[in-house]
Amino acid sequence: MHYFHPLWIASESSLSQNAPNPFPPVSTQRLHASAEKMLEVIRQSQMLINKIVDSSNFSHDLMDAAQLSNQQKVDELIQSAGITIKVTTKFTPSGIHIELDNAEKSGECCKLQIALQW
């Protein structure tokens with residue numbers, strides 16, 4: 001078991017309204033931009049989940065292709081649900097892991113991982 005200790009511990013006096021904040025001023029611009037980009041990832045994930053829920057043929061074909069280890073067919077099916085952002089899929093005998101990623105460069109925002117069982 002690992003224990004993590006904070007590098008900075010706030011004392012009662014440092015939490016008072018009069019104490020100076022030791023951190024830089026808060027700017028929410030990047031957080032706001034990330035949240036906006038994440039909305040698109042969520043919209044696309046919802047299209048895919050709705051397709052799985054609403055179409056038993058789609059669900060069957062997706063599961064069948066995965067069980068046959070047909071990565072190309074799995075990717076084609078997911079794209080056919082209207083997904084336009086980068087998708088990475090991995091599947092096992094017990095389910096599928098789908099990662100939706102709309103980052104323009106590696107390490108940027110935003111990714112969403114979906115794990116579904118079958």
Side-chain angles (χ1 to χ4, degrees):
M1 179 173 271
H2 298 283
Y3 295 96
F4 297 96
H5 301 281
L7 297 175
W8 180 80
I9 299 174
S11 65
E12 293 267 340
S13 62
S14 68
L15 295 176
S16 72
Q17 295 292 341
N18 299 330
N21 184 343
F23 302 105
V26 172
S27 172
T28 61
Q29 290 175 342
R30 188 168 183 189
L31 175 62
H32 187 263
S34 293
E36 282 186 351
K37 284 187 81 168
M38 183 55 88
L39 281 176
E40 180 57 27
V41 176
I42 291 170
R43 277 192 280 276
Q44 296 217 10
S45 69
Q46 189 169 13
M47 284 191 313
L48 176 59
I49 298 300
N50 284 340
K51 183 79 170 183
I52 292 169
V53 169
D54 295 340
S55 174
S56 35
N57 285 338
F58 179 84
S59 298
H60 174 273
D61 293 346
L62 181 65
M63 191 172 175
D64 188 54
Q67 286 181 340
L68 295 171
S69 297
N70 189 340
Q71 182 73 52
Q72 182 178 351
K73 181 66 174 176
V74 168
D75 293 342
E76 287 172 4
L77 284 164
I78 290 174
Q79 295 294 325
S80 77
I83 305 302
T84 59
I85 61 177
K86 181 182 173 194
V87 178
T88 305
T89 57
K90 296 177 186 167
F91 35 84
T92 67
S94 60
I96 187 167
H97 293 256
I98 304 164
E99 181 179 273
L100 300 172
D101 179 357
N102 73 345
E104 294 168 11
K105 291 188 271 183
S106 180
E108 287 187 344
C109 178
C110 293
K111 291 182 183 182
L112 178 66
Q113 294 181 351
I114 302 167
L116 300 173
Q117 296 179 338
W118 43 51

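Every heavy atom of this structure was used, including side-chain atoms; hydrogens, water molecules and symmetry mates were not. Heads up: numbering here begins at 1 and tracks the sequence.
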Can I get a per-line list of side-chain donor-acceptor pairs under 3.5 Å for residues 21-34, giving both atom names and the distance, sequence neighbours left out?
residue	atom	partner	partner atom	Å
N21	OD1	F23	N	2.9
S34	OG	R30	O	3.1

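Identified under the salt bridge (charged side-chain N to carboxylate O under 4.0 Å, His left out) test for residues 39-59, with sequence neighbours left out: E40-R43. Judged as a side-chain hydrogen bond (donor to acceptor under 3.5 Å, both in side chains), the pairs with a partner in residues 78-91 (not counting sequence neighbours) are, in order, Q44-T84, Q71-T89, D75-T89.
With contacts defined as side-chain heavy-atom distances shorter than 4.5 Å, the pair F58/L48 qualifies. Residues L100 and I114 are in side-chain contact: their nearest non-hydrogen atoms beyond the backbone lie under 4.5 Å apart. Counting only heavy atoms from C-beta outward, the side chains of L112 and I98 never approach each other to under 4.5 Å.
For K73, the NZ atom sits in a loose shell: 12 or fewer heavy atoms of surrounding residues, nucleotides or ligands are nearer than 6.0 Å.
Note: D64 CG to S59 OG = 12.0 Å, rounded to the nearest 0.5 Å. Atoms OG1 and CD, on T92 and Q117 in that order, are 9.0 Å from each other to the nearest 0.5 Å. Atom-to-atom distance recorded for L68:CG and F91:CZ is 9.5 Å, nearest 0.5 angstrom. The CD1 atom of I85 lies 11.5 Å from the NZ atom of K111; values are rounded to the nearest 0.5 Å.
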Residues L62, I78; criterion side chain to side chain contact (heavy atoms under 4.5 Å, CB included); working and verdict: CA-CA 8 Å; L62 181 65; I78 290 174; 4.2 Å; yes
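A donor-acceptor distance shorter than 3.5 angstrom exists from the side chain of N50 to the backbone of Q46, with no hydrogens or angles considered. Formation of a donor-acceptor pair under 3.5 Å by the N102 side chain with backbone atoms of C110 is found in this model.
Taking all atoms of both residues into account, the shortest heavy-atom contact from G82 to M47 is O-CE, 3.1 Å.
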